[in-house]
Student: 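Got a structure for you, written out below as C-alpha cells; questions coming shortly.
Naming convention: chains lettered A, B, ... in sequence-line order (proteins, then strands); numbering from 1 in each chain.
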Protein chains: 2
Amino acid sequence: MRKGEETRAKILDAAEAAVLAKGFGATSIDELIVETGITKSGFFYHFRDKNELAKALLERYIDNDERIYDEIFGRARELADDPLQSFLIGLKLLSELLGDLPNGHPGCLVATMCSHERAFDREIKEMNRQAALMWRRRFGQMFREIMQVYRPREALDADQLADMVSTVLEGGIVLSKAMQEPKILPDQLLVLRSFLRLLFQPAQA
Amino acid sequence: MRKGEETRAKILDAAEAAVLAKGFGATSIDELIVETGITKSGFFYHFRDKNELAKALLERYIDNDERIYDEIFGRARELADDPLQSFLIGLKLLSELLGDLPNGHPGCLVATMCSHERAFDREIKEMNRQAALMWRRRFGQMFREIMQVYRPREALDADQLADMVSTVLEGGIVLSKAMQEPKILPDQLLVLRSFLRLLFQPAQA
DNA sequence: TGCGCTCCTGTACCGCCAGTACAGTTTTCA
DNA sequence: TGAAAACTGTACTGGCGGTACAGGAGCGCA
C-alpha cells in the first residue's frame, strides 16, 4: 500500500515536470519510466492509460493549488481585519511567492489542458471547469465581503472581479513564458492590486 | 509558383485549426495530408519537418494578429482625437469583435507554443518573445500618449500597463476555455477598460 | 510456514506516427 | 516547348501508445 503510493507519486512528479515543459502530447510514457526507474508494465499497473495519468496529474495539481491559496489568503486574513486590506495583502504575498520562484512559475496544468480541449475527454474538461469555478467562488466571496464595506467606483460585480484575478494569473504566466521574463507575473499581480485599491478607494480628492 | 502557395496555405489552415484544438504534439502530419488532399511527399516538399511547420504557422499567426490590432486601433483613432478616449474605444471594439466570434476565440498560438517551450527550438522561442515585445511596444506607445495628457492616479508605467493588456487577453482566452464560456474574454477586456478609465480619470469627486 | 495480496518485471506484439530516401510524373509559366 | 515547380508512389526505419499475459519478489498475517 505504501510503496505503491510512493512509486505513483514519483511517476506524477516526473510527468508534471515533463508536461509543463513540453506539453502532454510530447511527453512519452517511455521517458517517464526511465526517469522513475520502473518498467512499462509497472506504469500501466498504476495508470490504465495516458488519459488516466492526465486525470491524476490534474487532480493533484488543483488540490495543491487550492492548498496554496488557502494558506496565503488565510495568513492575509490574520494580518488585517478589513476585508479590502486583507485581500490586498494576500495579493502582495502571492506576488512575492511567485517572484521568489527561482525559474519563474512552472506553468498551469489547467491552462495547458484546457487549451487543448480535443486531446482530452469530457471528465478532464469538467475538472478544468470546476477548478476555474472554484477560483471564482473563492475570490468572489472575498470581493462580496469587500463590497459590504466599500462601494466600488465603477459598476463591476464580484464574479467579474474574481475572474479578473484568475485572468491576470493565467495571462501573467503566459506572458512571463513568452517574454522569458519571470518577473512579469508577480509584477502584473501588483498592477491588478493597484487597480483594485483604486476601485475601492473612497471617492475623494 | 501560385499553386504552391495555395497548397501551402491549405496545409497551414488545417494545421492551425488542429494545433489550437489538440496541441502541436497531438497533431499528426498524416491527418493534415488527408484533410488537405495531398500526399506525405507533398507535405515534405513544403516543410522540411514538423518544426518548420510550427515556424510558418506562428509567423502567419503573428502577422495576422498585428493586422487585426492595426485595423481596430486605427479605426478607434479615427473616432476620437483624445488618446485616452481612442484607446477606450479600441478596447470596446476589440471586446465586441471577440464577443462576436461564434465559438469564442480559437486560442492563441503564441500561448500554446511558449507554454511548451522545450518542444520547440530557440528560433520559435525568439519569435514568441518578439511577438510579446511587439504587443508591449504597441500598447506602451498608446499609454505614453495618454500619459502626456492624463496623470495616472497610481504610479504605473506605460510598459506595465501595456503588458496588462496582453495579460488580460491571454488570461481571458485561458479562462474562457477552462470555464467553457466564450463571453469571459470580452467581458474581462471591459473590466480592464473600467480600470483604465478609473486610473486616468481626473482626481475629483 | 505458507497463503494471499500488492507491486511490480519480462516478453512479445500491434498499429500509428515522424521522418528519410529517391525515382518518377504532372502542372505551370515564360 | 522546355525547364522549373509542384507534386506522387513506394519502401523503409525507429519510436511510441497500448495490449496481453505469465510470472515473481516482498510483505503482512493466520
Student: Which whole-number value in Å describes the distance from Ile38(A) CD1 to dC8(C) P?
Tutor: 7 Å
Student: Is it the case that the base of dG10(C) and the side chain of Ser41(A) share a donor-acceptor contact (distance under 3.5 Å, atom types as modelled)?
Tutor: yes
Student: Does any donor atom in the side chain of Gln188(B) or Asp163(A) lie under 3.5 Å from an acceptor atom in the other side chain?
Tutor: no
Student: Is it true that Glu31(B) and Lys22(B) have a side-chain N and a carboxylate O under 4.0 angstrom from each other?
Tutor: yes
Student: For the pair made of CD in Glu6(A) and P in dC8(C), what is the distance, rounded to whole Å?
Tutor: 9 Å
Student: Can you tell me which nucleotide in dG17(D), dA5(D), dC7(C) comes closest to the side chain of Tyr45(B)?
Tutor: dA5(D)
Student: For DNA chain D, whose closest nucleotide is more 5', that of Asp30(A) or that of Phe44(A)?
Tutor: Asp30(A)
Student: May I have the distance from Ile29(B) (atom CD1) to dC16(D) (atom P), rounded to whole angstrom?
Tutor: 16 Å
Student: Given atom CD of Glu5(B) and atom P of dC7(D), what is their separation to the nearest angstrom?
Tutor: 11 Å
Student: Measure from CD on Glu52(A) to P on dT19(D) and round the result to the nearest Å.
Tutor: 11 Å
Student: Is it true that Lys92(B) and Glu96(B) make a salt bridge, defined as a side-chain N closer than 4.0 Å to a carboxylate O?
Tutor: yes
Student: Can you find an N or O donor on one side and an acceptor on the other, under 3.5 Å apart, linking the side chain of Lys40(A) with the base of dG10(C)?
Tutor: no
Student: Hey, is the side chain of Thr7(B) poking within less than 4.0 Å of OP1 or OP2 on dC7(D), counting only N and O atoms?
Tutor: yes
Student: If the cut-off is 4.0 Å, is His46(B) near the phosphate of dC7(D), judged by side-chain N/O to OP1 or OP2?
Tutor: yes
Student: What is the nucleic acid contact for Ser28(B), judged by heavy atoms within less than 4.0 Å: base, sugar-phosphate only, or nothing?
Tutor: sugar-phosphate
Student: Tell me: CZ of Phe24(A) to C1' of dC16(D), nearest whole Å?
Tutor: 13 Å
Student: For the pair made of CZ in Arg48(A) and P in dT19(D), what is the distance, rounded to whole Å?
Tutor: 9 Å
Student: At under 4.0 Å between heavy atoms, what does Arg8(A) touch on the DNA or RNA strands: base, sugar-phosphate, or nothing?
Tutor: nothing
Student: Rounded to whole Å, please give me the gap between NZ in Lys50(A) and P in dC16(C).
Tutor: 17 Å
Student: May I ask you to check whether Phe139(A) and Phe143(A) place their ring centres under 6.0 Å from each other?
Tutor: no
Student: How is Thr27(A) classified with respect to the nucleic acid when contacts are heavy atoms under 4.0 Å: base, sugar-phosphate, or nothing?
Tutor: sugar-phosphate
Student: State whether the number of non-hydrogen atoms from other residues, nucleotides or ligands found under 6.0 Å of Asp81(A) atom CG is greater than 12.
Tutor: no
